[in-house]
Trainee: 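Mind looking over this structure? Questions follow.
Numbered from 1 within each chain, the chains take letters A, B, ... in sequence-line order.
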Amino acid sequence: MPDKELPKTYNPGDYEDEIYAKWEKSGFFNPDKLTGDPYAIMMPPPNVTGVLHLGHALESSLMDIMARYQRMQGKKVLLLPGTDHAAVATQAKVEKVLMEKGVEHPRQELGREKLLAEIRTYAENSKSTILKQIRKMGTSCDWSRLAYTFDEVRNRAVNEIFVKMYHDGLIYKGKRIVNWDAKLATTISDDEIVWQEEKAPYYYLKYGPFIISTARPETKFGDKYVVMHPDDKRYKKYKHGDKFECEWINGKVTATVIKDEAIDMKFGTGVMTITPWHDMVDFEIAERHKLSGEQIIDFNGKLMPIAGEFAGMDILAARPKIVARLQAKGLLVKVEENYLHRVAKGDRSNGLVEPQIKEQWFVDVNKIIPGKKKSLKDLMREAVTTGHQGDKKQKVKITPERFEKVYLHWIDNLRDWCISRQIWWGHRIPVWEKRSLGAKKQAARFNKKDFYSKINIGSDQDFIKKTIEWQNDDYADSSEIIGIGAELIRELKDRRLIDEYWIEKNRLDHPSREPERHVGVEPPKGIGWIQDEDTLDTWFSSGLWTFSTLGWPAYAEASAGKPAKKKNDLQTFHPTSWMQMGYEILFFWMARMILMSTYALDQIPFKDVYIHGILRNEQGKKFSKSSGDNIDPLEIIKKYGTDALRLSVIAGIAPGNDSKFYEEKVEGARNLVNKLWNVARYIITNYELRITNYELNYKELTSADQWILGKLEKLIKEVTGDLDKYQFSQAGEKLRDFTWNDLADWYLEVCKFEKSGDKPKILSCILENLLKLWHPFMPFVTEAIWSEMGKDRMLMVEQWPAHAFAEAKASAGKPAGNFAVIKDIVIAIRNARAENKIEPGQKVQAVIYAGKNKKLLAAQAELIKNLRTGISELEVKDGGKKLSDAIYAAVGEIEIYLVGAVDAAKEKARLEKEIINLEKIIKAIEGKLANQEFVDKAPEAVVKKEREKLAGRQAELKSLKHR
RNA sequence: GGACAAUUAGCUCAGUUGGUUAGAGCGCCACAUUGACAUUGUGGAGGCCAGAGGUUCGAGCCCUCUAUUGUCCACCA
């Protein structure tokens, strides 16, 4: 009685956008419209300039599965979306775009404000792109709470934290050795370095009485300390502090002997000279012994004046020339070609990274926090081990557990976190400085003479004119001119019209007193204050993500001109419930979130974190733009639908492990989606589903009914358990198995001829429950079917099932055995027919010796006949003589004979194969049972099971051989 | 140098405290075809669970070592 027309295949494009709009309109993405326990997931904000890639598709799927599951569990779910301004990446990208348009040096030519405007425009454009794409994935996030790491609200939070840390003495400014990316002209953190192996010549050089070795002779100009291990017997006669004169690259130098345990006696000659300005280890040695260092390479990667005639040369170009000089002076002892060493490159720029000493802002991770008796490191450590001892003892649970170890190891090796960056796109450091009067005079002198000539300014008039170009402020006051002048210097420096070295040198030549410093959320009132020109590491703001998105600090929202939320999100949703992320940002992000949250709120940022791997291509390599094998998720969606994409990215994944992605997987998922569609289509078009009373007449349930309800009951339990344990892939697999194998292949086939009054109720119940269970995985098709079923409420907010039917709980697993036997018989018959090559259309007669199962099988004879066994007549007996000229098959003790159409030779061969197989199995079980130790020590249930098994097999064998 | 993964069918992967003849999807072979679905159905073939030891009545699973692949951390002056 088909009263509906549904298309034969599910076409996702016809439904998805419409359904998403419906969801969004319903308001249920917003937890304010939900009740129940709060459950919050913060979306890891994608980079604002990025476009959706497979990694996002995976993350969106994971998050949305959890969000939808929890929502259906009756929780007040918040899945909060947002984007990240991705400081370095975004600025680099826009600079690149500008350069392609012919702007050769964007920073120099545009200056700070104009470049920032360019970046902002670009970021806003691509922000909307990626957000649209996240919608395409079906992600059920609350768009009303959309956040951005670089908006006003988040800026307020960043400043608050910075100021708090500063006043707690956890943030300091210091001259430290940092990683300088000359290409991007900024410092970068240790984590942003990639090491590349390179082959290069390796030089042994004569340094006074010693031989030292290096791959980088261009850094050696200023070396005046020679270091060796205090226990090295070879150099016993040299004492710490001994001085000697020796010939070096540009003439004689006075060298000092230093003894330090950092030296590896086994490496090379056991002696090295140090270059504190450009080497981390050397810097540490120099610090220990309070040695001075000198800058050799400038911030553009060129040699400094100390290099004499080599000054101004690019380091790589200078190297061979320096070697030639050394050789000419007889200082080159030998050269090892093809020495394998590793060079540091910036992961964004792929440019050389040079250690440099620079004044930078740091977060001290070892200092005891006032009032806490713990350092930031301690907080980070205890959050995943003993639990954070704040308000409540809370622990971040990491899945899989092994990453806990990786994380802790990383913390052990953690050095102070350099948070300042010399790029413009980012949160500006909330520190302002003002020079004191004495310093002002010096600064003025510094401004005028040197400075004017340096930048070709002839008079104060010119200077002011120039200044006005950049600053429109009042400049009447002289101290203000100094301020403006300082601004101007910065502007010129930004534009690379003067270089940093020159400024530094001037500062050294005109030492001033420490400037007055203002560190605050708001700029200082008054004149002459200059804001620190650096910006903050992007992870400084991302670290606040779990709470800066929830209205922390309290007044942030109001001050940004938005109405403060009535409800206190922070109180409701923090700590957040669940977080997922790739292992590649474990250190970058997870660690920083834990640091920020435990420090600022005394709370962990999230209770559970699920670490996923990355999706790789068919060859197991990372997808990359350069290799051209990038897969665009949107193309996949267009071709196969969002549901199929969601299923395919989570298929076969295990926590923390990488997985491969290829189109065949999506195809398989698409087929599954379509299968579900057709299951529903069949049920909807053949049954009247407008059911009000779900009461079943349990006594009249057929064995197939009981079987499928038992299976469904088990499915509900297992899928729920899997989702609770974040075993997404397993849950999906079980759902697939039920949908395709149990329901479509067996139960629906049975329903085609087995009619009973309860069938519509049962089928309706199965379909409803199945749609609910599938919904988190494939939200669109399930919602589409749900509405085709004529449901008023949306599936998205339906209650997650606990049981198939209330009473089915009792029947679950128990009588299912009946149908299982019939299934086995059907399979055995089909198999026997196929093996004997009986034409599918040819009907045969069958006789079954059922023994104690006679009653059951007699009752189910019709079922057996109808399940594509091609049987015309079926006779069920207790037992009897073997039948000759018949095909034989056995299921346990049940004997089956198919009469007629026998190919004697084929049948004989088949049976012999069976016998051999059975004998093998029996022998194995007998062996086991003959082992006294097994019988004694194994649990009774196991032994009993083995005995039963043996009896069954023996019976089978006996009847087989009988023939 | 240190650590962590992975190694199971041709391919991609499951296998949750050790207990039937180790499973699935894809692919392959044979067959079917007006049927809810060819994005289909039925049946089948295919595995010394990387290797070597060990623990145990019993090991894909636990322990030790080895090999291969991959990843991360540290570091080579």
Side-chain angles (χ1 to χ4, degrees), chain A residues 2 6 8-10 195 212-216 219 227 262-264 267-275 279-282 285 339-342 400 402-403 405-406 409-410 412-413 583-584 586-587 613-614 616 618 620 640 644 651-654 656-662 664-665 667-686 721-722 725 727 729-730 733 736-737 740-741 744-745 748-749 752 827 830-835 837 839-841 868 917-918 920-921 924-925 928 931-939 941-943 945-946 948-949 952-953:
Chain A
L6 287 180
K8 281 175 93 165
T9 50
Y10 170 65
W195 293 90
I212 61 157
S213 50
T214 182
R216 307 199 50 197
T219 64
V227 194
I263 303 296
D264 180 359
F267 189 92
T269 56
V271 180
M272 70 176 198
T273 58
I274 56 168
T275 314
D279 186 286
M280 303 279 175
V281 178
D282 293 6
I285 294 173
Y339 174 75
L340 200 63
H341 72 144
R342 308 204 314 162
R402 62 185 147 93
F403 283 101
K405 216 170 152 183
V406 181
H409 181 251
W410 177 82
D412 289 339
N413 291 313
Y583 56 73
E584 74 276 8
L586 197 76
F587 306 136
I614 57 172
R616 297 172 172 275
E618 243 175 312
Y640 299 99
I653 62 163
N657 285 5
D658 294 348
S659 65
K660 293 183 187 177
F661 183 89
Y662 41 94
E664 285 83 349
K665 251 184 179 170
E667 221 175 283
R670 188 267 322 263
N671 294 354
L672 173 57
V673 170
N674 191 57
K675 189 74 186 181
L676 180 66
W677 174 260
N678 271 292
V679 164
R681 178 168 178 251
Y682 177 75
I683 297 175
I684 292 170
T685 52
N686 287 287
D722 283 342
K725 286 180 282 181
Q727 296 181 332
S729 185
Q730 280 92 322
E733 232 167 84
R736 178 190 206 280
D737 189 49
W740 207 312
N741 301 337
D745 289 352
L748 286 188
E749 291 304 315
K752 282 178 186 169
I827 291 170
R830 284 175 185 169
N831 178 359
R833 286 182 63 115
E835 295 265 306
K837 300 224 180 296
E839 290 295 318
R868 299 197 199 179
N917 186 31
L918 267 176
K920 213 172 78 188
I921 295 165
I925 306 173
K928 224 180 209 180
N931 183 344
Q932 196 56 42
E933 279 187 291
F934 170 71
V935 179
D936 291 346
K937 291 185 183 173
V942 175
V943 179
K945 219 169 171 185
E946 291 293 317
E948 280 166 8
K949 199 164 70 191
R953 296 309 189 184

Trainee: Picking from B:U71, B:G41, B:C76, which would you name as closest to the side chain of A:Arg616?
Mentor: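 Looking only at side-chain atoms, A:Arg616 lies closest to B:U71.
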Trainee: Between B:G18 and B:C26, how far apart are the two C1' atoms, rounded to whole Å?
Mentor: 31 Å
Trainee: Mind checking side chain to side chain donor-acceptor pair (under 3.5 Å) for A:Thr275 and listing every partner two or more places apart, or none if nothing turns up?
Mentor: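 Side chain to side chain donor-acceptor pair (under 3.5 Å) check on A:Thr275 returns A:Asp223.
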Trainee: Expressed as a whole number of Å, how far does the P atom of B:U56 sit from that of B:C61?
Mentor: 16 Å
Trainee: Over all strands shown, is A:Tyr640 touching base, sugar-phosphate only, or nothing at heavy-atom distances under 4.0 angstrom?
Mentor: nothing
Trainee: What distance, rounded to whole Å, do you find between the two P atoms, one in B:A22 and one in B:G60?
Mentor: 10 Å
Trainee: Hey, are the side chains of A:Asp658 and A:Tyr583 touching, using non-hydrogen atoms and a 4.5 Å cut-off?
Mentor: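 Yes, side chains in contact.
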Trainee: Do A:Asn413 side-chain atoms and A:His409 backbone N/O form a donor-acceptor pair below 3.5 Å?
Mentor: yes
Trainee: Atom CG of A:Asn671 and atom CG of A:Leu676: how far apart are they, to the nearest 0.5 Å?
Mentor: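 These two atoms lie 13.0 Å from each other.
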Trainee: Look at the side chain of A:Val942 and decide which nucleotide, out of B:U39, B:C76, B:G19, has an atom nearest to it.
Mentor: B:G19
Trainee: In this structure, how many angstroms lie between the P atom of B:C48 and the NZ atom of A:Lys920, rounded?
Mentor: 12 Å
Trainee: Quick one: label A:Glu749 by what it contacts on the DNA or RNA (base, sugar-phosphate, nothing), any heavy atom closer than 4.0 Å.
Mentor: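 Touches a base.
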Trainee: Separation of A:Lys752 atom NZ from B:G41 atom P, in whole Å?
Mentor: 10 Å
Trainee: Identify the pairs formed between an N or O of the protein and an N or O of nucleotides 57-59 of chain B at a distance under 3.5 Å, and give each distance.
Mentor:
unit_1 : atom_1 : unit_2   : atom_2 : d
B:C57  : OP1    : A:Lys937 : NZ     : 2.3
B:C57  : O2'    : A:Asn931 : ND2    : 2.9

Trainee: Remember a base hit wins even if backbone is also touched, and classify A:Thr273 as base, sugar-phosphate or nothing at under 4.0 Å, heavy atoms.
Mentor: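 Sugar-phosphate, no base atom in range.
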Trainee: Which part of the nucleic acid does A:Ile653 contact within heavy-atom distance under 4.0 Å: base, sugar-phosphate only, or nothing?
Mentor: nothing
Trainee: Quick one: salt bridge (charged side-chain N to carboxylate O under 4.0 Å, His left out) partners of A:Asp936, sequence neighbours excluded?
Mentor: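 Residues passing salt bridge (charged side-chain N to carboxylate O under 4.0 Å, His left out) with A:Asp936: none at all.
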Trainee: Between B:U17 and B:G53, how far apart are the two P atoms, rounded to whole Å?
Mentor: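 So the two P atoms sit 27 Å from each other.
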Trainee: Taking only side-chain nitrogens and oxygens of A:Tyr682, does any of them come within less than 4.0 Å of OP1 or OP2 of B:U40?
Mentor: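 So the side-chain polar atoms of A:Tyr682 never come under 4.0 Å of the phosphate oxygens OP1 or OP2 of B:U40.
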Trainee: Can you tell which of B:A77, B:U16, B:A36 lies closest to the side chain of A:Gln727?
Mentor: B:U16
Trainee: On RNA chain B, compare the nucleotides closest to A:Ile274 and A:Arg736; which residue's is nearer the 5' end?
Mentor: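 Checking each residue's closest nucleotide, the 5'-ward one belongs to A:Arg736.
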Trainee: What is the nucleic acid contact for A:Asp737, judged by heavy atoms within less than 4.0 Å: base, sugar-phosphate only, or nothing?
Mentor: nothing
Trainee: Can you name the salt bridge (charged side-chain N to carboxylate O under 4.0 Å, His left out) partners of A:Lys752, sequence neighbours left out?
Mentor: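 Testing A:Lys752 for salt bridge (charged side-chain N to carboxylate O under 4.0 Å, His left out), a comparison that skips the adjacent residues, returns A:Glu749.
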Trainee: Let me confirm one number: the CG-CD distance from A:Leu672 to A:Glu667, rounded to the nearest 0.5 Å.
Mentor: 13.5 Å
Trainee: Please tabulate, one pair per line, each protein N/O and nucleotide N/O from nucleotides 1-10 of chain B that are separated by under 3.5 Å, including the distance.
Mentor:
unit_1 : atom_1 : unit_2   : atom_2 : d
B:C4   : OP1    : A:Lys405 : NZ     : 2.8

Trainee: Any base atoms under 4.0 Å from A:Glu946, or only sugar-phosphate, or nothing? Heavy atoms, all strands.
Mentor: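 Since no nucleic acid heavy atom lies under 4.0 Å of A:Glu946, the category is nothing.
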Trainee: Students often get this wrong, so: under 4.0 angstrom with heavy atoms, is A:Ala941 touching a base, only sugar-phosphate, or nothing?
Mentor: nothing
Trainee: With sequence neighbours left out, what residues match A:Phe403 under ring pair (Phe, Tyr, Trp, His ring centres under 6.0 Å)?
Mentor: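 Here no residue qualifies.
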Trainee: Can you tell me, in whole Å, how much space there is between the P of B:U12 and that of B:A6?
Mentor: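 B:U12 and B:A6 have their P atoms separated by 16 Å.
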Trainee: Can you say whether a donor on the side chain of A:Lys675 sits under 3.5 Å from an acceptor on the base of B:C37, or the other way round?
Mentor: yes
Trainee: A:Ser213: what forms a side chain to side chain donor-acceptor pair (under 3.5 Å) with it, not counting sequence neighbours?
Mentor: A:Tyr202
Trainee: First locate atom CG of A:Leu6, then atom CG of A:Asn678, and finally report the distance between them rounded to the nearest 0.5 Å.
Mentor: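 If we round to the nearest 0.5 Å, A:Leu6:CG and A:Asn678:CG are 9.0 Å apart.
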Trainee: Go ahead and write out RNA chain B as dot-bracket, 5' to 3': ( ) for pairs within the strand, [ ] for ones crossing earlier pairs, | when the partner sits on another strand, dots for unpaired; Watson-Crick or G-U wobble, both distances under 3.5 Å.
Mentor: (((((((..((((.....[...)))).(((((.......))))).....(((((..]....))))))))))))....
Trainee: Expressed as a whole number of angstroms, how long is the span from A:Glu667:CD to B:U12:P?
Mentor: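 Roughly 18 Å, once rounded to whole Å.
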Trainee: Roughly how far apart, to the nearest Å, are B:G46 and B:G25 at atom C1'?
Mentor: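 Their C1' atoms lie roughly 15 Å apart.
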Trainee: Return the set of residues passing salt bridge (charged side-chain N to carboxylate O under 4.0 Å, His left out) with A:Asp279 (not counting sequence neighbours), or none when no residue passes.
Mentor: none
Trainee: When the P atoms of B:A77 and B:U69 are compared, how many Å lie between them, rounded to an integer?
Mentor: 26 Å
Trainee: Classify A:Lys660 by what it touches in the nucleic acid, base, sugar-phosphate, or nothing, heavy-atom distance under 4.0 Å.
Mentor: sugar-phosphate
Trainee: Tell me what A:Arg670 touches on the nucleic acid: a base, only sugar-phosphate, or nothing, going by heavy atoms under 4.0 Å.
Mentor: base
Trainee: Rounded to the Å, how far apart are A:Trp740 CH2 and B:A24 C1'?
Mentor: 13 Å
Trainee: If the condition is ring pair (Phe, Tyr, Trp, His ring centres under 6.0 Å), which residues does A:Tyr10 pass it with, not counting sequence neighbours?
Mentor: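 Testing A:Tyr10 for ring pair (Phe, Tyr, Trp, His ring centres under 6.0 Å), a comparison that skips the adjacent residues, returns A:Tyr15, A:Trp677.
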Trainee: Can you list everything that forms a side chain to side chain contact (heavy atoms under 4.5 Å, CB included) with A:Thr269? Sequence neighbours excluded, please.
Mentor: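 Applying side chain to side chain contact (heavy atoms under 4.5 Å, CB included) to A:Thr269 gives A:Ile211, A:Tyr235, A:Val271.
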Trainee: Which one, B:A14, B:A36, B:C73, comes nearest to the side chain of A:Glu733?
Mentor: B:A14
Trainee: Take A:Pro840 and A:Gly668, find for each the nucleotide of RNA chain B with the closest heavy atom, and name the residue whose nucleotide sits nearer the 5' end.
Mentor: A:Gly668
Trainee: For atom C1', what is the distance between B:G47 and B:U66, given to the nearest Å?
Mentor: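 Nearest-Å result for B:G47 against B:U66 at atom C1': 23 Å.
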Trainee: Using a 4.5 Å cut-off on heavy atoms from C-beta on, say whether the side chain of A:Ile274 contacts that of A:Val281.
Mentor: no
Trainee: Taking side chain to side chain donor-acceptor pair (under 3.5 Å) as the definition, give me every residue that meets it alongside A:Lys949, ordered by chain and number, with sequence neighbours left out.
Mentor: A:Glu946
Trainee: A:Lys949 has a side chain; which of B:G44, B:U20, B:C73 sits nearest to it?
Mentor: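 Of all the options, the side chain of A:Lys949 is nearest to B:U20.
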Trainee: To the nearest angstrom, how far is A:Arg216 atom CZ from B:C76 atom P?
Mentor: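 The distance from CZ of A:Arg216 to P of B:C76 comes to 12 Å, rounded to the nearest Å.
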Trainee: Among the candidates B:G19, B:C72, B:C37, find the nucleotide nearest to the side-chain atoms of A:Arg681.
Mentor: B:C37
Trainee: Rounded to the Å, how far apart are A:Ile614 CD1 and B:G70 P?
Mentor: 14 Å
Trainee: Return the nearest nucleotide to the side chain of A:Arg830; candidates are B:U71, B:U42, B:A77.
Mentor: B:U42
Trainee: Looking at A:Gln730, I'd like to know whether one of its side-chain N or O atoms comes within less than 4.0 Å of OP1 or OP2 on B:G15.
Mentor: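 Answer yes for this pair, as a side-chain N or O of A:Gln730 is under 4.0 Å from OP1 or OP2.
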Trainee: Nearest-Å distance, OH (A:Tyr583) to P (B:G70)?
Mentor: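 It works out to 13 Å between those atoms.
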Trainee: Can you tell me how far C1' of B:U42 sits from NZ of A:Lys837, to the nearest Å?
Mentor: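 From A:Lys837 NZ to B:U42 C1': 13 Å.
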